[in-house]
Trainee: 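Right, I'll just put the structure down here and ask away after.
Since the structure is predicted, the reported quantities are computational estimates derived from the model, not experimental observations. All heavy atoms count here, side chains included; hydrogens, waters and symmetry mates do not.
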Amino acid sequence: MFGLNKKDTSVLIIVAVMVMLAPFLLNPFPSASGLAQFNAGYPDLMQKFVIFGIFAIGFNILFGLTGYLSFGHAAFLGVGSYSCVWMFKLLGYNVLPGILLSIAVSGVFALLIGYVSLRRSGIYFSILTLAFAQMSYALAYSVLSNPKFNLTNGETGLQVYADDPQWFHNPDRLPDLPHLFGLSMRATYKLDLGAWEFQFNAGYYLCAVIMLACFYLAIRIFRSPFGMMLRAVKSNQQRMNYTGLNSRPYTLAAFVISGMYAGLAGGLLSAVDPLAGAERMQWTASGEVVLMTILGGAGTLIGPVLGAGFIKYFENIFSKINDYVLHSWFSFLPDGLEDAVVFLIHPFIGKGWHLTLGILFMLVVIFLPGGLVEGGQRLVNWIRGRKAKDSSAARETNPAE
């Protein structure tokens, strides 16, 4: 199906089902229960899951296949965001031109940075990409916010104002918000089923469909002769060069494709929230996508998506837990014991969610070097082993059967 083998088709179908049914899957607890704190089925967070999934899928094409570790991919995320908002300011709120421009501009930008950075490899390549990203951040934060040619609006962030041209925007027929041919990205249908509330958001499903297309494209790249050449670069680039094959065009192409994925993610961030800021280009954003890819499983297809969802879940759910919530959870304990438990857990929630994520990341790297995908594979193998052991024991017990 779709030019994929049976295994890849199964993976694509599983991802598609999970993405499309996310409003149900991410809301397992009743809305009024104390555990509703852990529900993640609301539009803003679901949008982040799929958008940063796209970001991580693109980064994995570079890092997972070639082994080139870029610390500057946030530059393309930021460029994509700014490009999309400029389309809103000049043409109108239709998200399609903004998304297309985000991909194109980030691709050109990645070509320029990659052409220079890929002259080096290893840690030198990583440092070069980090330097370019920090230069881009500095430009967006200060230089390009000069009142004479204000392209980024500095620390305030680029946004749409009433006096912007918006040549193709008709406020009488179209919403004053990002939309897709009139369908507002904030349009949300709520479904109440007993104690549960499920939300179906237009912006989320646009991002979800695009993510599935990006995932499908990544599968085709992984299984193509081009993907095989990228694996050869990762395996032994020097030996590959000795055979007479020039690896630079392949690595540059991978870098550009990866940058375009990042630009697309940045454009979608602005499509669901029409604001672009320099903070999206900081080195911490580049480090985050590295964590997503490694945590999920670098070089695997579904790993980066899992890693992106895992980190964004912790960032948005655990960071909101505070002492009041903890006291409500442990109110059944005696007062002194309740306070002690809250005191012990306090450093790991709220603003300390990074500490919890750091500990989990350490555990995954130590015990699951292949990331969450390796953990899932071990679990499946263990279940299969248990079933085979049980069936073997049953045959020994009843040899006549």
Side-chain angles (χ1 to χ4, degrees), residues 1-19 22 25 49-70 73 208 210-236 250-251 253-255 257-262 264-265 286-314 357 360-384:
M1 185 186 293
F2 309 118
L4 306 179
N5 59 36
K6 185 177 179 181
K7 181 179 178 181
D8 290 338
T9 300
S10 300
V11 172
L12 180 61
I13 291 173
I14 291 171
V15 172
V17 170
M18 290 175 63
V19 167
L25 299 175
F49 284 161
V50 292
I51 291 173
F52 281 91
I54 293 171
F55 190 18
I57 290 169
F59 181 80
N60 190 47
I61 291 174
L62 177 68
F63 176 56
L65 288 180
T66 70
Y68 276 77
L69 178 57
S70 169
H73 259 52
I210 293 175
M211 194 212 77
L212 290 175
C214 291
F215 188 73
Y216 169 75
L217 179 60
I219 296 176
R220 297 303 300 265
I221 291 173
F222 267 65
R223 305 305 183 213
S224 68
F226 171 67
M228 188 177 296
M229 294 297 291
L230 296 181
R231 286 192 179 89
V233 170
K234 183 178 182 179
S235 177
N236 195 320
Y250 295 99
T251 53
F255 191 89
I257 293 170
S258 184
M260 292 170 74
Y261 268 76
L264 171 59
S286 296
E288 192 174 53
V289 74
V290 175
L291 288 179
M292 290 174 182
T293 307
I294 295 175
L295 187 64
T300 63
L301 287 168
I302 199 172
V305 179
L306 297 177
F310 189 88
I311 288 180
K312 285 301 167 183
Y313 181 85
F314 266 85
L357 181 62
L360 290 173
F361 183 75
M362 286 171 52
L363 293 173
V364 169
V365 170
I366 293 171
F367 297 105
L368 298 173
L372 298 176
V373 170
E374 181 182 340
Q377 290 172 343
R378 287 188 185 182
L379 180 61
V380 170
N381 292 336
W382 179 80
I383 292 173
R384 288 176 178 173

Trainee: Short question: side chain of S258, backbone of A254 - any donor-acceptor pair under 3.5 Å?
Mentor: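 No; zero donor-acceptor contacts below 3.5 Å.
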Trainee: Quick one: does N60's side chain have a donor or acceptor within less than 3.5 Å of a partner on T300's backbone?
Mentor: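 Checked: pair present.
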Trainee: In Å and rounded to the nearest 0.5 Å, what is the CG to CG distance from L295 to L368?
Mentor: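 CG of L368 is found 9.5 Å from CG of L295.
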Trainee: Hey, what do you get for CD (E288) to NZ (K312), rounding to the nearest 0.5 Å?
Mentor: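 So the gap between those two atoms works out to 4.0 Å.
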Trainee: Is the gap between the ring centers of F59 and F55 under 6.0 Å?
Mentor: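 No, ring centres 6.0 Å or more apart.
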Trainee: Would you say OH of Y250 has more than 12 non-hydrogen atoms from neighbouring residues, nucleotides or ligands within 6.0 angstrom?
Mentor: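 No.
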Trainee: What closest approach, in Å, do G297 and P304 show between heavy atoms, and which atom pair accounts for it?
Mentor: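 Heavy-atom minimum between the residues: O-CD, 4.0 Å.
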Trainee: Under 3.5 Å, side chain of Y261 to main-chain N/O of C214, donor-acceptor pair present?
Mentor: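 Such a contact is found between Y261 side chain and C214 backbone.
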Trainee: Any side chain to side chain donor-acceptor pair (under 3.5 Å) pairs touching residues 366-383, not counting sequence neighbours?
Mentor: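 Qualifying pairs, neighbours excluded: E374-R378.
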Trainee: Keeping the roles fixed (side chain from S224, backbone from I221), state whether a donor-acceptor pair exists under 3.5 Å.
Mentor: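 Yes, because the side chain of S224 sits within donor-acceptor range (under 3.5 Å) of the backbone of I221.
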Trainee: What is the distance from atom CE of M229 to atom OG1 of T251, rounded to the nearest 0.5 Å?
Mentor: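 Between atom CE of M229 and atom OG1 of T251 there are 10.5 Å.
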Trainee: In Å, rounded to the nearest 0.5 Å, how long is the span from CD1 of I219 to CD1 of I302?
Mentor: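 I219 CD1 to I302 CD1: 9.0 Å, rounded to 0.5 Å.
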Trainee: With heavy-atom distances below 4.5 Å as the criterion, would you say the side chains of I257 and F226 are in contact?
Mentor: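 I257 reaches F226 side chain to side chain.
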Trainee: Between T66 and K234 (side chain of the first, backbone of the second, donor and acceptor by atom type, cut-off under 3.5 Å), is there such a pair?
Mentor: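 Flag not set: sc T66 to bb K234 has no pair under 3.5 Å.
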